[in-house]
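Data first, discussion second: the structure below is written as structure tokens.
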Amino acid sequence: MKKIYIYIVFVVTFFGNVNAQGTLDYDRSSLYSISLVYKSEKYAEDIARTFMKMNVPDKFNDHSLNLRVIPMSGKPRDTSDDEIAALMGTFFLKNQIARRMVARWFNRDKETGAFDVNLIKDRGNYNATVMDVATAMKTVRGRALIEDAGEQLIGNTFIVVNEISYIDKERNARIAALVFITVGALLGAVANIASSVSNMGNNKNNKTSQEVAAFASLGSTMANLGGVISQAVAGFTVNVKSHLFQLDWNDEVEAKFYGQYYYDATEIDPAKKAAFENDTETFKMKYIGSYSSRSSKTVLRGLHNNDEVFMKVLTRATDENIVELQRKFPVFKVVSNVASVENKSVYVQIGLKEGVSPTSKYEVLQRVVGSDGHVTYTRKAVIKPVGNKIWDNRCMAVEEMAENANLNATEFECTTGSVSAILPGMIVREIKI
């Protein structure tokens, strides 16, 4: 029987804003994740435990609610995109996830029901005066900034539902484990040779003795690895099907929220509090689309136990699907920013985890706030990565000793425009080739 685990990843995505120094800044997207675990399924506890330990990717802020893991009874079944959309729509509505995500954006106080805009202000780099709702709503420019904040921050709130299916590859896993054991045995024999050479006391062979001993030590480590990583887990592989949803935040919803529900701590309003809590229809999620993939072959180099295998496979698999969803659905596209400009090179802190490849292309954008308060974006250049300077920032790439894992950014070169027009902090967004 096909074994399936369902995970829900809530992703909030928005664009950059101007910081206090007037340069462009990158406002990281926000992530909230929940896992539904079928208790009877193989590796359910291991996957749930790993999920709880998985760090929020560094391109996202933590936007979590207190619900993280939900144990499920029964057996999972195959579902079509329409079925999963309907199923999750019911789940979101029953648990009022959309309304709770909005409340999270406005730091709603559970006891008084009061809201504030501190989180939006911080993530959008707005100053306190600009984001004073009562004041802003009285001016054209202030209202425009509030509208832009809603459109760029709240309106770009996404949920990604990841269905993760364990693929039983135990035969391949046994072969992988056997390789470890065999290599360990062979190198263990080398250790005996090293010992014999050392006991000869021949200074001429000292260097050879040390090199062989070091090789034998590596063999001992690999032999131990074969014993610590179980035969079954060594070949741990998953299929991942990701479903994208978006918060339906429009002019009508925004007007209703500010007009009927919003109040701050200076004017507690029990009637508005009750109205917001009893509203089960205004705040909704809409289905955007899906993407399916299979986790790539796991390199066991640098891994020391089963938990690290689970962590590496699950993190890389979900990261890859987020990248593909961004490419498939432009509304979900995440942006980064220029880290530095040196000579004729541009450096951006994205890499293989974000799907950067030698054929990738990105536009560099300058964000401009008009006199009316509305935001526009102007393209300053198009850049592409230098083929051998792409940062491998995937999960555990350093432990794997992967090529370019020691970099801290990817190096880019201009294909259109001039490097002189690019400044640190400018927005970088992938474009179709």
Across all chains, not counting sequence neighbours, the salt bridge (charged side-chain N to carboxylate O under 4.0 Å, His left out) partners of Glu320 are none
Any side-chain heavy atom of Val233 within less than 4.5 Å of one from Tyr43?
-> yes
Residue pairs meeting salt bridge (Lys or Arg N to Asp or Glu O under 4.0 Å), one or both in residues 270-287, sequence neighbours left out, come to Arg108-Glu277, Lys256-Asp279, Lys273-Glu277
Only counting residues at least two apart or in another chain, list the ones meeting side-chain contact (heavy atoms from CB on, under 4.5 Å) with Glu252.
-> Asn250
Please collect all ring-ring contact (aromatic ring centres under 6.0 Å, His included) contacts where either partner lies in residues 380-406, sequence neighbours excluded, each pair once.
-> none
Which residues satisfy the salt bridge (charged side-chain N to carboxylate O under 4.0 Å, His left out) test with Arg379, sequence neighbours excluded?
-> Glu363
Who passes salt bridge (charged side-chain N to carboxylate O under 4.0 Å, His left out) against Arg316, sequence neighbours left out?
-> Glu400
Do any pairs count as a ring-ring contact (aromatic ring centres under 6.0 Å, His included) and have a residue in residues 333-363, sequence neighbours left out, and if so which ones?
-> Tyr362-Phe412
Taking only residues two or more places apart in sequence or in another chain, which ones pass side-chain contact (heavy atoms from CB on, under 4.5 Å) with Leu119?
-> His63, Arg104, Trp105, Asn107, Arg123
Residues passing the salt bridge (charged side-chain N to carboxylate O under 4.0 Å, His left out) test with Asp109, sequence neighbours excluded, are none
For Met401, all residues meeting side-chain contact (heavy atoms from CB on, under 4.5 Å), sequence neighbours excluded = Arg301
Would you please name every residue forming a side-chain hydrogen bond (donor to acceptor under 3.5 Å, both in side chains) with Ser242, sequence neighbours left out?
-> Asn162, Asn321
If you look only at pairs with a residue in residues 235-245, which of them pass as a salt bridge (Lys or Arg N to Asp or Glu O under 4.0 Å), with sequence neighbours excluded?
-> Asp81-Lys241
